[in-house]
Amino acid sequence: MLATFMAASVWGAGRPNIVIIMSDDSGYTDLGCYGSEIDTPNLDQLAAKGLRLGNFYTNGRCSPTRASLLSGLDCAKVGFGGGVVGDWVREMPYPAHRARMPYDIPLLPELMKAAGYRTLMSGKWHMGGSTMKFHKSQQKQWKHYHQGWELTEEEMEQDFLGLPLQRGFDEYFGLYGAQDSLFFVPGQYHPMMEGNEPAKLKYDREYTMHCFSKRKDLNYNVNHGKTGKAFYATDGVTDRAIEMIRDAAGQEQPFMLYVAYRAPHKPLQAPDGLVRKYLEKYEDLDAIGTDRVAGLKKEKLYPEAAEYRKAWIPPAREEMRLQLAIHSAMIEKIDENVGRLVDTLDASGELDNTLVLYFSDNGAAAHLQGIMNAPYHGVKALMWEGGTKTHFIASWPGKIKPGTISHEQAWVGDILPTCLELAGADYPDTFRGKKTEALAGRSMLPILQGTSRDPAEALFFNDKGQQAIIFQGRWKLLIEPGWYLQTRDKPGIAYELYDLETDPAETRNLANEKPEMVQNLSKKCEAWIKECGIVDYAKLIELRPNDPY
């Protein structure tokens, strides 16, 4: 039996709708309510009416975070360990690095559907899978990326079973893969899907398109400077999500909606008017991080006396200014669309019975030099706080106390058990004939209700040769932190130990002062790596020699 339904919710008489909204590569302080200069009035209002977390963690990279969100397990347990993402070019022949969700592990939409929920998704999937069993051209492409692998009927079927509709979603619109343009004009190829078929896009808005990419081998800049009718992914994903809400509203059956925006991930693309707005704001690049830290302190989300490392501003300042401006324009567009989603919930009469969660899949990416992650050090795919920690908003009228701030530690894998508890559903002992593992995540309901919850005994992070652990919510050890090609070429093993309670921005390395703790936490990391089946990264790049670049 997939899940056992209980008569009433653990929190009130009825079971709430659940709307999970995730951005892609947004920085910790990208929201006004987290100290930002970016205009995010709708998200700020959502926060004012609900809860903000100061210590919410992801897995530091796109697919690994999504894997834990959907499974409630450590990402390596479901094939996304070691920085693997859901693309054929990254798949490895090891269970922890397979880059495709195993069909015998229950996912959030499957569990919620079995509990009686309507399950809906609009946006970026990036969990592997394809329709290649129907398309010879895709099979040829698969063989190109899997030299020495055998393409069998079973392999093609498993790939098909890795797609959203086959993993529990009743409806799906969006992008299967990692990235593509956000702007598409009529007649132009696009990768958007409706269920398992190419989507028919609506080109019903006019934009002046601002596109920036250094990738000259791709068509990311083809629409730059054009004005005309176009599809813009942030708007289009919201349009489809609004249709889903309207269709599901007013029914006895509750719904779960997962909206996964592809912004502000590269390629950087946004309406030109918004880009120009932020170009004017960003004349002083050095002030951005400093002002954000001051704003974060004003919001009571960062200790007044805590130190932090200032982000490095590259010599090509005008190029950096432009990238920051487009990134911020993309964030403002997300905010606009979150407002549209909330307004639709309100107009449909569903808002008061809906839990809305908003967060990013990781910190801002390397092309922004960590500026948007201030005060935290590091970027997406690095294990410092700037890569793994993100903003988090939860709102539920009448249930979550307005204007709440919590510094309780939470992790993206906690969302699945939270949803199950609200749905009155149990996690199954077996699934598709296989015994399930115990969930790594824990329900966040105590935090949402305004009470305390002990931090996890240990949170583990792993990405391309880097390892990190946060022990008992306080002590953080990093092993070989940084980009792999740099750490590989330095002799010895680098250790960094931080007391996050007194030094949340990781400014004072205590590894030499506390060698016993370093040794103790290192052993915990080794045991976790063994348990998860994570393969040494040096061995992985023998198979994928271009992976570290």
Side-chain angles (χ1 to χ4, degrees), residues 61-64 66-67 70 75-105 107 124-167 172 174-181 184 188-199 213 215-220 262 265-267 381 432 463-465 484-485 533-549:
R61 192 188 282 267
C62 175
S63 296
R66 294 160 206 269
L70 294 174
C75 56
K77 294 286 185 74
V78 292
F80 288 90
V84 167
V85 293
D87 303 300
W88 283 346
V89 70
R90 291 281 179 81
E91 290 183 339
M92 308 280 189
Y94 305 103
H97 309 270
R98 186 60 183 81
R100 185 179 66 202
M101 278 290 196
Y103 195 55
D104 55 11
I105 289 178
L107 300 189
K124 175 177 173 177
W125 178 240
H126 209 200
M127 290 281 87
S130 76
T131 58
M132 69 170 163
K133 75 181 221 175
F134 306 114
H135 303 285
K136 294 290 185 183
S137 61
Q138 291 184 22
Q139 295 170 29
K140 183 178 179 180
Q141 186 182 33
W142 185 94
K143 291 176 182 177
H144 171 75
Y145 288 116
H146 298 79
Q147 300 293 325
W149 295 35
E150 182 182 4
L151 182 56
T152 62
E153 294 293 330
E154 174 63 17
E155 174 64 28
M156 289 191 285
E157 181 64 18
Q158 287 299 312
D159 230 43
F160 181 62
L161 294 175
L163 295 174
L165 287 191
Q166 283 62 53
R167 297 313 311 264
Y172 172 75
L175 175 71
Y176 285 165
Q179 67 185 65
D180 209 305
S181 290
F184 298 101
Q188 194 173 62
Y189 166 79
H190 70 81
M192 306 300 287
M193 302 292 288
E194 179 68 49
N196 295 325
E197 301 292 335
S213 177
R215 293 289 302 271
K216 306 305 179 186
D217 57 326
L218 299 170
N219 291 324
Y220 290 160
R262 228 273 296 133
H265 192 295
K266 293 195 297 185
R432 295 194 170 112
D463 196 296
K464 292 190 172 184
Y484 177 75
L485 293 181
I534 293 172
V535 178
D536 185 86
Y537 192 59
K539 184 176 181 179
L540 293 179
I541 60 173
E542 292 177 3
L543 297 175
R544 302 287 191 196
N546 291 325
D547 192 62
Y549 298 93

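The basis for the numbers below is simple: all heavy atoms, side chains too, and nothing from hydrogens, waters or symmetry mates. All values reported here derive from a predicted model rather than from experimental measurement.
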Partners meeting side chain to side chain donor-acceptor pair (under 3.5 Å) with [X] (sequence neighbours left out):
{"X": "D87", "answer": "H126"}
{"X": "H97", "answer": "none"}
{"X": "S130", "answer": "D159"}

Those residues that, when tested against [X], pass salt bridge (Lys or Arg N to Asp or Glu O under 4.0 Å) (two or more places apart):
{"X": "R66", "result": "D24, D361"}
{"X": "D104", "result": "K434"}
{"X": "K133", "result": "E157"}

Just to verify, what does [X] make a side-chain contact (heavy atoms from CB on, under 4.5 Å) with, not counting sequence neighbours?
{"X": "Y145", "result": "W88, V89, Q141"}
{"X": "T152", "result": "E150, E154, E155"}
{"X": "R544", "result": "E91, M92, H146, D547"}
{"X": "P191", "result": "L175, D180, F184, Y189"}

Is there a side-chain contact between [X] and [Y] in this structure, where contact means two heavy atoms from C-beta onward sitting under 4.5 Å apart?
{"X": "R215", "Y": "K266", "answer": "no"}
{"X": "K539", "Y": "Y94", "answer": "yes"}
{"X": "K124", "Y": "C62", "answer": "yes"}
{"X": "T131", "Y": "Y176", "answer": "yes"}

### Query
Between atom CG of L543 and atom CZ of R90, what is the distance when rounded to the nearest 0.5 Å?
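CZ of R90 is found 14.0 Å from CG of L543.
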
### Task
Check ring-ring contact (aromatic ring centres under 6.0 Å, His included) between Y220 and all other residues, then give those that pass, not counting sequence neighbours.
none

### Query
For Y537, what residues pass the ring-ring contact (aromatic ring centres under 6.0 Å, His included) criterion, not counting sequence neighbours?
Y484

### Task
Output, in order, the C-alpha distance, side-chain angles, deciding distance and verdict of side-chain contact (heavy atoms from CB on, under 4.5 Å) for K143 and W149.
CA-CA 8 Å; K143 291 176 182 177; W149 295 35; over 6 Å; no

